[in-house]
Amino acid sequence: MSSSNEPPRKTDQPSSSSASASPSLFLSLPLEIISMILARVPKRYYPILCSVSKNMRSLVRSPEIHKARSLLGKDYLYIGFIDENYRPVYDYWYTLRRIENSTTENLFESIEFPYPSEPNRFSMNAVGPKIFFISESCTPSSRLSIFDTRFGELRQGPCLLVKRGYNCVGLVGGKVYVIGGYQDDEIAAESFDLNTQTWEAAPIPDEKESHRWICKANVSFDRKVCALRSREGMTCYDTRDGSCQRSEMPNDQWSRVGLCVIDNVLFVYFSRFGLMWYDSKLMLWRVVYGFDLDNARSVGIGEYYGKLAFIWEQPSLNVSESKEIWCRMIGLLRSEVGIHGAAEPSQLVEIVPNGYRMCHCLSLSG
């Protein structure tokens, strides 16, 4: 039993008065600081923040937060072309970057791009400022090559646990996952930890048909790695437990460069339906409304400063045997009724030979 003269014991639990005051203390900070803090909070926690107070809800939904998040996003693109008029086929690479001290003008310039010496086909996946090369061919390989775009350095990374052929690759929560391309008695899926730089076995996918992971394109969202196929739709692997889910895609043409994920939402450009997004809760494809892309062809899209960079080709009216490369930025606004796009003015960024075909569009962050 304690005496009345005994000092009160210290506790790690905050008092009710201090707990209730903490949101007010946070909201008393300058708006610029609040915006940068909230912009770094994963969007899956925004509903919790909205329940704190009306002021917090207004801040979370404000344009300032969207602007701050855009500054943290992908800030340059690597765009690859092949010239179909020549054999052997050769790649030509360009980068799209913001002109210094400008918020609207972009620079599209030719760059040198190193390839791994191994003569296999590769899947190329952007991880921050780096590009990961993982074998994607009928000849299985365990090789991982990593290109650091900041320094122009290509190096060999730790080998995969098993040799793999055609597979599906995606980045989720600081790990690069590889699914498929394995023999029956081998590891079905594995992951590469970006912090420890080591490979480990990942949850076994419950999708038994291994050909599902031979895909036209792959993306990551909702902590899932998804393989997209033209006729068989989309198969998604949940990195938490290995469960797999199939869903249909619109009956329309699309290309592997015409899709990207922004703010955990998958966008795909279809030749007839235009730009669409996948509502993962309802498992439905929905149109992005509010702008007209004039039925553009040979389209590449990617995240760029929090917006969707829309890149397309069209015949040149001024230079014979050439085509023009155009770019337009599209702001995306999500509401209760869907996603609307606000298109900025188009910009002619380059004129290339007529045989060029866009084959890669990678969003990176410096």
Side-chain angles (χ1 to χ4, degrees), residues 42-44 74 116 118 120-137 139-149 154-229 234-247 256 259-266 280 303 362-365:
K43 294 191 76 173
R44 63 180 178 273
K74 310 296 177 63
E118 189 173 335
N120 279 7
R121 281 184 54 193
F122 293 92
S123 67
M124 286 183 276
N125 298 269
V127 181
K130 301 176 182 179
I131 298 174
F132 278 47
F133 298 85
I134 296 176
S135 178
E136 184 189 51
S137 72
T139 304
S141 172
S142 61
R143 183 169 178 173
L144 166 67
S145 297
I146 303 172
F147 174 48
D148 193 324
T149 61
L154 178 68
R155 66 177 179 87
Q156 187 169 346
C159 290
L160 283 70
L161 299 178
V162 297
K163 291 184 177 182
R164 298 181 183 274
Y166 294 105
N167 53 63
C168 180
V169 182
L171 174 66
V172 176
K175 293 184 178 182
V176 176
Y177 287 83
V178 185
I179 307 105
Y182 55 90
Q183 301 297 323
D184 291 341
D185 57 347
E186 293 180 326
I187 299 171
E190 56 186 292
S191 63
F192 180 72
D193 191 307
L194 297 175
N195 290 324
T196 63
Q197 296 284 292
T198 56
W199 290 96
E200 63 181 5
I204 299 173
D206 62 18
E207 173 56 70
K208 302 305 180 185
E209 299 180 21
S210 59
H211 73 274
R212 292 281 175 184
W213 309 114
I214 304 174
C215 56
K216 182 176 178 180
N218 45 245
V219 294
S220 304
F221 62 98
D222 281 350
R223 298 194 64 83
K224 299 173 183 178
V225 179
C226 301
L228 283 70
R229 295 160 61 92
M234 183 166 60
T235 302
C236 292
Y237 163 85
D238 195 317
T239 59
R240 292 164 289 194
D241 57 13
S243 60
C244 298
Q245 187 179 56
R246 298 183 193 176
S247 59
R256 65 183 301 169
L259 59 123
C260 70
V261 174
I262 302 178
D263 279 342
N264 207 36
V265 177
L266 170 61
S280 57
E303 181 183 358
L362 303 172
S363 298
L364 297 109
S365 56

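Computed from heavy atoms alone, side chains included, the values below leave out hydrogens, waters and symmetry copies. We're numbering straight along the sequence, starting at 1.
- Between I131 and F122, every side-chain heavy-atom pair lies at or beyond the 4.5 Å cut-off.
- The shortest side-chain heavy-atom distance between E136 and Y166 falls under the 4.5 Å cut-off.
- In this structure, the salt bridge (Lys or Arg N to Asp or Glu O under 4.0 Å) partners of R246, at least two apart in sequence or on a different chain, are E207, E209.
- The one candidate from I134, L160, L161 that meets the side-chain contact (heavy atoms from CB on, under 4.5 Å) condition with S142 is L160.
- Partners of I204 under the side chain to side chain contact (heavy atoms under 4.5 Å, CB included) rule, at least two apart in sequence or in another chain, are A188.
- Looking at heavy atoms from C-beta onward, P140 lies out of side-chain contact with R164 at the 4.5 angstrom threshold.
- A salt bridge links R240 with D238; the closest basic N to acidic carboxylate O contact falls under 4.0 Å.
- For F147, the ring pair (Phe, Tyr, Trp, His ring centres under 6.0 Å) partners two or more places apart in sequence, or in a different chain, are F113.
- In this structure, W213 and Y237 have perpendicular ring planes: the angle between them is above 60°, well past the 30° mark.
- Taking the side chain as every heavy atom from C-beta outward, D193 and E200 never approach each other to under 4.5 Å.
- At distances below 3.5 Å, not a single donor-acceptor pair connects side-chain atoms of R223 with backbone N or O atoms of V172.
- For the cysteine pair C168 and C215, the distance separating the two SG atoms is not below 2.5 Å.
- Rounded to the nearest 0.5 Å, atoms CD1 (I146) and CG (L154) are 9.0 Å apart.
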